[in-house]
Amino acid sequence: MLDEINFFDILVSEAFYMTKLSEAQIGKHKVVSIEGGASVKDKLLCQGVLPGKEIAVITRKNNGPCVIEVGLTKIIIGGGMAEKIMVD
């Protein structure tokens with residue numbers, strides 16, 4: 001018989017692996033959420049950075065700007081905005 005699934009444990013384990021883009025390792029990540037206001041979300045959505053999208057971190061400075069790749073486009077994200085993007 002299948003064990004009962006505890007959704008709280010799943011959510012906690014997924015949250016454990018989320019990090020801010022400003023703290024993410026170099027390499028590929030999936031955007032989980034954008035924690036900013038409407039203007040931040042609009043700007044990122046126009047650049048193709050949206051929840052569920054795979055991005056690649058090319059370079060990153062501690063709490064500073066990040067260079068990411070979205071599809072075939074490279075984008076510089078400022079440190080403040082990078083703090084508001086959650087990736088896994």
Looking only at heavy atoms, which two atoms of R60 and C66 are closest? And how far apart? CG-SG, 3.7 Å
Side-chain donor-acceptor distances from residues 41-56 under 3.5 Å, at least two apart:
none

When I85 is tested against each of V32, L21, I68 for side chain to side chain contact (heavy atoms under 4.5 Å, CB included), which residue passes? L21
Nearest heavy-atom neighbours spanning I77 and A82: CG2-N, 3.6 Å
Joint hydrophobic cluster, V67 plus V70, side-chain heavy atoms closer than 4.5 Å: no
Name the one of K28, K30, H29 that satisfies side chain to side chain contact (heavy atoms under 4.5 Å, CB included) with V87? H29
If you measure from OG on S33 to NZ on K84, what distance do you get to the nearest 0.5 Å? 13.0 Å
Using 0.5 Å steps for rounding, measure from the CE atom of M18 to the CD atom of E23. 12.0 Å
Measure the spacing between CD1 of I76 and CE of M81 and express it to the nearest 0.5 Å. 12.5 Å
